[in-house]
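Read the structure below first, then the notes.
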Amino acid sequence: KAGVTQTPRYLIKTRGQQVTLSCSPISGHRSVSWYQQTPGQGLQFLFEYFSETQRNKGNFPGRFSGRQFSNSRSEMNVSTLELGDSALYLCASRGRIGPSPLHFGNGTRLTVT
Amino acid sequence: KNEVEQSPQNLTAQEGEFITINCSYSVGISALHWLQQHPGGGIVSLFMLSSGKKKHGRLIATINIQEKHSSLHITASHPRDSAVYICAATGNTGNQFYFGTGTSLTVIP
């Protein structure tokens, strides 16, 4: 089975721009969750989607949004980029809601200049 | 205070040593995860447990629900074990995720 695929791997954007990141889950997984990782804050939960519905959201401003398509692929969008948005963005898929192992992608490293 | 606390933050060990990383949590959980992250970013899920103990090769994870504490042990450590180990908790509803700040492990040959 192919793993979780995130694109692109690296991205450089300018303050004020917007960015869209993509995540393709493991085949058959309907849950996709997104995380931000920075040296200062560590891993932080952004949101989770299951069957195209957002199930939960972490404590991030509305500039961070996401969606999930019928094939379970998910996109995350950050608008009006700030320098502090520079981070590694990871997504993970799991086979079901509730206690189940998380399968992570390799992440997208976003640099905002 | 973070919902999940890990210790130590950094750990250096000689090859062959027995290593323990600790994790305490303050929220109700449905599962506790141990994750491994190598330089470059990719995260691998090592264990998911809600009670007792699990073993995979040289790695052992335990959890004490009453004390809200979990440990990850590495026996006969090897330089390839060098990585960041992250403790994570799935909240009671299964919808929320809490992460420790990670333990950076370096195993010296």
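Please read all numbers here as calculations on a predicted model, not as lab measurements. Just so it is clear: chains get the letters A, B, ... in the order the sequence lines come, proteins before strands, and each one is counted from 1.
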So if you build clusters from Ile, Leu, Val, Met, Phe, Trp, Tyr with side-chain heavy-atom gaps below 4.5 Å, do A:Y10 and A:L81 land together? no
Would a single hydrophobic cluster contain both B:I63 and B:I60, if residues Ile, Leu, Val, Met, Phe, Trp and Tyr are joined by side-chain heavy-atom contacts under 4.5 Å? no
So which part of B:S30 gets closer than 4.5 Å to some heavy atom of chain A, the side chain, the backbone, both or neither? both
Considering only heavy atoms and a distance below 4.5 Å, find which of A:G107, A:P101, A:G42 pairs most often with chain B. A:P101
Does the side chain of B:F97 reach to within under 4.5 Å of the side chain of A:L102, using non-hydrogen atoms? yes
Side chain, backbone, both or neither: which part of A:L43 has a heavy atom under 4.5 Å from chain B? both
With clusters defined by side-chain heavy atoms of hydrophobic residues (ILVMFWY) lying less than 4.5 Å apart, directly or transitively, does B:L11 cluster with B:V4? yes
Heavy-atom distances under 4.5 Å only: say whether A:F47 touches chain B with side chain, backbone, both or neither. neither
Rounded to the nearest 0.5 Å, what separates atom OG in A:S33 from atom CD in B:Q96? 10.5 Å
Give a yes or no on whether A:R73 atom CZ has more than 12 heavy-atom contacts from other residues, nucleotides or ligands under 6.0 Å away. yes
Between A:H103, A:R109, A:Q44, A:E48, which shows the greatest number of heavy-atom pairs under 4.5 Å with chain B? A:E48
With chain B as the partner, which of A:S100, A:G105, A:G58 has the greatest number of non-hydrogen pairs under 4.5 Å? A:S100
When the 4.5 angstrom heavy-atom criterion is applied to A:Q37 and chain B, the contacting part is side chain
Contact part of A:R96 toward chain B, heavy-atom cut-off under 4.5 Å: side chain, backbone, both or neither? neither
Around B:I108, counting heavy atoms of other residues, nucleotides and ligands shown, do more than 12 lie under 6.0 Å from its CD1? yes
If hydrophobic clusters are built by linking Ile, Leu, Val, Met, Phe, Trp and Tyr wherever their side-chain heavy atoms come under 4.5 Å apart, do A:W34 and A:F69 end up in the same one? no
Is there a path of hydrophobic side-chain contacts, each under 4.5 Å between heavy atoms of I, L, V, M, F, W or Y residues, that connects B:V84 with B:I74? no
In a check of side chain to side chain contact (heavy atoms under 4.5 Å, CB included) between B:I43 and each of A:L90, A:L88, A:N106, A:V4, which one passes? A:L90
Which atoms of B:L32 approach chain A - backbone, side chain, both or neither, heavy atom under 4.5 Å: neither
Within a reach of under 6.0 Å around CG of A:N59, are more than 12 heavy atoms found that belong to other residues, nucleotides or ligands? no
Region of B:I86 in contact with chain A, defined by heavy-atom distances below 4.5 Å: side chain
